[in-house]
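Take a look at the structure below.
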Amino acid sequence: MAVVVMKFGGTSVADVERIRNVARHVKRETDAGNKVAVVVSAMAGTTNQLVAWVREASPLHDAREYDAVVATGEQITAGLLAIVLQSMGVRARSWQGWQVPIETSEAHGSARIAGVDGAMIRSRLDSGEVAVVTGFQGVEPKANRIATLGRGGSDTSAVAIAVALAADVCDIYTDVDGVYTTDPRIVQKARRLPKISYEEMLEMASLGSKVLQTRSVELAMVHRVRLRVLSSFVAPEQMAPVRLENLENIGTIVTDEDEIVEQQVVSGIAYAKDEAKVTILNVEDKPGVAARIFGPLADANINVDMIVQNVAADGKSTDMTFTVQSAELARTLDVLKAAEKDIGRFDVRSSADVAKISVIGIGMRSHAGVASQMFAALADKGINILAISTSEIKISVLIDAAYAELAVRTLHSVYDLDAA
Ligand code: ADP
Ligand code: ASP
Ligand code: MG
C-alpha cells in the first residue's frame, strides 16, 4: 500500500465529464488500497478569467484582493471532484488551503509555501477517506488572509503536501504524457524522457518549460520527493495502480542524477517569450556605472537576467544591454529614468519582441563545444544572437521572437534529440 499525491491540472478538470475521468483515476488507486490526497487546479481558463476581471476592475489593484478572487477557481474544482467521487462510492472530502492549513509567506500573488501541517489530512487518509485539496492557494497566517502561489502554483501545492504526508510518490497528471525534450506542442519530433534529473528539470522549468512550476521542482529536489509527470487522458482503467516497485513504467520520473544511466550531453531545450530587452546607449565607461544602473533595479525588486556590456570604442562611453520580465518593462524604464541623475545622461531602447532559447544538460559539465555548436547552428539559419548567458548545465541565448520556433527546432535536431 502506498501514500499517493495525485495532482490534476486545468485541462484535466476542464468540465464535469473530465472531472469524472479524474475521479476514475482516483478510484483506481483507492480500489488498489492506496491512500490518496488529490490536488486540483482550477478548470481550464478559469484562472485567466478571474485575473482578467480583477484587471478590469482596476489595473492597480490590491494584491490581497487579487488573491481573494483568483483563489476561488480551485475551490470549485475541489468541491466538484469530491461530489463526483462520493457519487462513485468513494469517501471523499474537499479542503481549501486555510483548512489544511497550508501556510504561506506574505508575498500575495506569488507567495511561497512556509509550511504544511499534514496531520489532519493524514488522519483522514488513515480513516479511508480521499482528501481533495485546492492547489495554488494557502493562508498567510499573520493577517489570516488567503494567498496564491503564482501561476502554475498547484504543482507546488502538490509537492508540499507530498512532503507533509511523506508520500511515496507525487504524480502530476497533465495533458501530455511526460516531460519531453522540448515542448511537444512546438516540436513534433520531441521525445518523452523516461527520467530527468532534478537539476535539469529545475533549469527547464525556470527557463520556460511550464510543464512544472519551478518552485515545485525546487521543493521536490530539497526533500527528495519522487515526482512523476503523466497524462490524465490515458483511460484510467488502463493504467496500473501505483505499486512501489513499478514506478518507472509510465510518464517521466524526476529523480537523482545518478539514477539516470544513459545521459545525453543535452537533455532538453526550453524557450521563453516573456522577456524584454533593454539597451542603455552611451553611458560613461567608468567604475561604478553598472552598480548605479542595477542597484536601483534591485531595490525596486526587478529581476535582471542576461547582461551584456560592450567595450567602449572611444574609451569613454559604452552600451549596456540586459533583460527583464516583459511584465516589468514599464517599471524598469521608470526606475531607470528616476536614476538618470546618478547614472549620467543616456539613451534607452527596449523591445519585448525577444525570446530566450536555452539548451540544458548535465552532460555539459564534462563536454566542451556545446556552446559553439549552438552558435554555429543558429548562424547557419541566419539567426542573430542578442545576448548570451551560461551556467554549468545550460546555455541561453536571446534572439528575435520571430525566430523562436525555428531556433528550437534547429537545436533539437543539432543535439540529436529528434525522435526516430
Ligand atoms: P496543467 O494545466 O496540467 O498544469 P500546463 O499547461 O501547466 O498543464 O503544462 C503542460 C504543458 O506544458 C503541455 O501542454 C506542454 O505544451 C507544455 N510544455 C512545455 N515544455 C514542455 C516539455 N518539455 N515537456 C512537456 N510539456 C511541456
Ligand atoms: N489555476 C492556477 C493557474 O492557472 C494554478 C495552476 O493551474 O497550477 O495558474
Ligand atoms: Mg501547470
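Every number for a ligand or one of its atoms is a count from 1 in the order of the listing. All figures in this text were calculated on a predicted structure; none of them were measured in a lab.
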D183, any N or O under 3.5 Å of ligand 1 N or O: yes
Any N or O of K7 that comes nearer than 3.5 Å to an N or O of ligand 2? no
Taking the non-hydrogen atoms of A44, is any one of them nearer than 4.0 angstrom to ligand 1? no
Part of P184 within contact of ligand 1 (heavy atoms, under 4.0 Å): side chain
Show the atoms of ligand 1 that are less than 4.0 angstrom away from any heavy atom in S209. 20 (N)
Sub-4.0 Å heavy-atom approach of G153 to ligand 2: yes
Any idea which part of Q213 is under 4.0 Å from ligand 2, heavy-atom wise: side chain, backbone, both or neither? neither
Mode of I172 contact toward ligand 1 - side chain, backbone, both, neither (heavy atoms, under 4.0 Å): neither
D155 N/O to ligand 1 N/O under 3.5 Å: no
Does any N/O atom on T181 come nearer than 3.5 Å to any N/O atom on ligand 1? no
Just going by heavy-atom distances, which of G150, S154, A42 is nearest to atom 8 (O) of ligand 2? S154
Ligand 2 to S41 polar contact by distance, N or O atoms, under 3.5 Å: yes
Does the ring centre of Y173 sit less than 6.0 Å away from the ring centre of H25? yes
Salt bridge K394-E199, side-chain N to carboxylate O under 4.0 Å: no
Is any N or O atom of S12, backbone or side chain, closer than 3.5 Å to an N or O atom of ligand 1? no
For ligand 1 and G10, I'd like to know whether there is a polar contact (N/O to N/O, distance under 3.5 Å). yes
Going by the atom numbers of ligand 1, which of them fall below 4.0 Å from some non-hydrogen atom of V179? 24 (N)
